[in-house]
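Inspection log for the structure reproduced underneath, given as structure tokens.
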Amino acid sequence: MEEFLSYSVDVISVFFSFISLLFFLITEVILGIFLNYRDTPIVRANNRSLSFLLLVSIKLSFLSVFLFLGRPVDITCMLRIITFGITFSIAVSSLLAKTIMVCVAFKATKPGSSWRKWLGVKLSNSVVLFCSSIQIIICMTWLAISPPFQELDIHTSPGTIIIQCNEGSAIGFYSVIGYMGLLAAVSFVLAFLARSLPDSFNEAKYITFSMLLFCSVWITMIPAYLSTKGKNTVCVEIFAILTSSAGLLACIFLPKCYIILFRPEINTKSHLLENKY
């Protein structure tokens, strides 16, 4: 008997597929709202290009769930790592860049401040590019030295062949997780320190909550990942991806969508100027 997370045998595979597609569509709707209202103050005040990049990376993370479903083969085992590691690194790097821009914008409001030269898209783009590049290098090094591969486990459960992905290198796997955790921790600390800065649309407090949720999910995932085998391990990974992605989506974008759709009177430039200090 062969065991893996099958669409035809395991109902939970269908459930994960449904949840992933549902959240993908929700993200698509939110992206459409932001594109439609891209010139409004609440979208522009928090660097809309980073918001669009974050939404796209969240969409890709929801779609990456499908790489974990079905019979694993060598190529899907490798693609899991690339999509999982890089998309989340881009998402967390975008949040880190957003937090840095909040701090820089506050510093730049002081008369004669030298921080004004750092305002603009160059700094935020550089942060995202630099932080994401490190994760890409880690993933490519892992794939080049000891890539993940399909493994047939006949020892864990006698009489059953567990078809699963072997990480190839435990150091590579924990390097990807560790670097992602480092980015999330830095984003959390900066956002926590910047949460009380005076700004009408300061989203640092939302980033704080999202990073707290993100770190909590992945910290609790590691012992669960180590204590399970076969398709249960895959379920743990999928649950962590869906929960952390949905947490980012809810914490960062739902408050903005509420203001855009139901409180348009405060989504104005005059309200921004009145409440900036």
Measure from the side-chain N and O atoms of T208 to the backbone N and O of A191, and report whether any donor-acceptor pair falls under 3.5 Å.
yes
Quick one: closest heavy-atom pair of S216 and L212, and the distance?
OG-O, 2.7 Å
Determine whether M211 and V92 make a side-chain contact, defined as any pair of heavy atoms from C-beta on separated by less than 4.5 Å.
yes
Does any N or O in the side chain of N166 come within less than 3.5 Å of the main-chain N or O of P148, such that one atom is a donor and the other an acceptor?
no
Any I86 side-chain heavy atom under 4.5 Å of S132 side chain:
no
Side-chain (S94) to main-chain (L53) donor-acceptor, under 3.5 angstrom:
no
Check against side chain to side chain contact (heavy atoms under 4.5 Å, CB included), S244 and L213:
CA-CA 7 Å; S244 53; L213 175 62; over 6 Å; no
Compute the centroid of each ring, for F214 and then for F88, and state whether the two points are separated by less than 6.0 Å.
yes
From CA spacing to verdict: side chain to side chain contact (heavy atoms under 4.5 Å, CB included), F66, L21:
CA-CA 10 Å; F66 291 98; L21 284 175; 3.7 Å; yes
Centroid separation under 6.0 Å, is that true for the rings of F84 and W218?
yes
How close do F34 and C257 get, counting heavy atoms only, and between which atoms?
CE1-SG, 3.9 Å
Backbone N or O of C131 within a donor-acceptor pair of the Y179 side chain at under 3.5 Å?
yes
Using a cut-off of 6.0 Å, state whether more than 12 heavy atoms not belonging to Y174 lie near its atom OH.
yes
Does atom CZ of F188 have more than 12 heavy-atom neighbours from other groups under 6.0 Å away?
yes
Does T83 reach the main-chain N or O of R80 with its side chain, forming a donor-acceptor pair under 3.5 Å?
yes
Is it the case that the side chain of S210 and the backbone of I207 share a donor-acceptor pair, with hydrogens and angles ignored and the cut-off at 3.5 Å?
yes
For the atom pair CG (L31) and CZ (F24), what is the distance rounded to the nearest 0.5 Å?
9.5 Å
Should we say atom CD1 of I134 is surrounded by more than 12 heavy atoms from elsewhere, each under 6.0 Å from it?
yes
Under 4.5 Å between side-chain heavy atoms, counting indirect links through other Ile/Leu/Val/Met/Phe/Trp/Tyr residues: same cluster for F173 and I145 or not?
no
Ionic contact status for D10 with K231, cut-off 4.0 Å:
yes
Distance check, rounded to the nearest 0.5 Å: F23 atom CZ versus I30 atom CD1?
10.0 Å
Assess whether atom CZ of F239 is packed by more than 12 heavy atoms of other residues, nucleotides or ligands within 6.0 Å.
no
ILVMFWY cluster, V189 and M101 together (side-chain gap under 4.5 Å):
yes
Could you check if a side-chain atom of L50 sits within less than 4.5 angstrom of a side-chain atom of L54, using non-hydrogen atoms only?
no
Can you confirm whether E2 sits close enough to F4 that some side-chain heavy atom of one is under 4.5 Å from a side-chain heavy atom of the other?
yes
I'd like to know whether L248 forms a side chain to side chain contact (heavy atoms under 4.5 Å, CB included) with L95, so could you lay out the CA-CA distance, the side-chain angles of the two residues, the decisive distance to 0.1 Å, and finally the verdict.
CA-CA 10 Å; L248 292 179; L95 292 178; 3.6 Å; yes
Side-chain contact test, heavy atoms from C-beta onward, threshold under 4.5 Å: evaluate it for L5 versus I238 and give yes or no.
yes
Minimum heavy-atom separation for P72 to C165, with atom names?
CB-SG, 3.7 Å
Output for pair (R48 CZ, I42 CD1), nearest 0.5 Å, gives 14.0 Å
Working to the nearest 0.5 angstrom, can you tell me the gap between L69 CG and S64 OG?
10.0 Å
Sole residue of L60, L63, L55, L22 in side chain to side chain contact (heavy atoms under 4.5 Å, CB included) with T27
L55
Is M78 linked to I171 within one hydrophobic cluster, defined over Ile, Leu, Val, Met, Phe, Trp and Tyr using a side-chain heavy-atom separation of less than 4.5 Å?
no
Measuring from M1:CE to I161:CD1, what's the distance to the nearest 0.5 Å?
11.0 Å
How about V186 and L96: do any of their side-chain heavy atoms sit closer than 4.5 Å?
yes
Identify the heavy atoms of V176 and Q135 that sit nearest to each other, and give their distance.
O-NE2, 3.3 Å
Measuring centre to centre across the rings, with the benzene-like ring taken for any Trp, is F253 within less than 6.0 Å of Y206?
no
Pair K59 + E28, salt bridge at N-O below 4.0 Å
yes
Looking only at heavy atoms, the pair that brings S245 and I58 closest together is O-CG2, 4.1 Å
Would you mind reporting whether M221 and V236 have side-chain heavy atoms less than 4.5 Å apart?
yes
Do S57 side-chain atoms and I90 backbone N/O form a donor-acceptor pair below 3.5 Å?
no
Quick check against the 3.5 Å criterion: does S227 have a side-chain atom that pairs as donor or acceptor with the backbone of A224?
yes
Single-linkage hydrophobic cluster I26~L35, side-chain heavy atoms < 4.5 angstrom:
yes
Point-to-point distance, once rounded to the nearest 0.5 Å, from CD1 of I138 to OG of S89
7.5 Å
Under a 4.5 Å side-chain heavy-atom rule over Ile, Leu, Val, Met, Phe, Trp and Tyr, are L25 and L261 clustered together?
yes
Applying side-chain hydrogen bond (donor to acceptor under 3.5 Å, both in side chains), run through K98 and S51 and close with a yes or a no.
CA-CA 9 Å; K98 277 176 171 284; S51 296; 2.8 Å; yes
Give the minimum heavy-atom separation between I241 and F68, together with the two atoms involved.
CD1-CE1, 3.6 Å
Sidechain-backbone polar pair: S20 side chain, F62 backbone, donor-acceptor under 3.5 Å
yes
What I'd like to find out is whether the side chain of R263 reaches to under 4.5 Å of the side chain of E265, using heavy atoms alone.
yes
From CA spacing to verdict: side chain to side chain contact (heavy atoms under 4.5 Å, CB included), K256, I259
CA-CA 5 Å; K256 296 179 186 179; I259 292 175; 5.8 Å; no
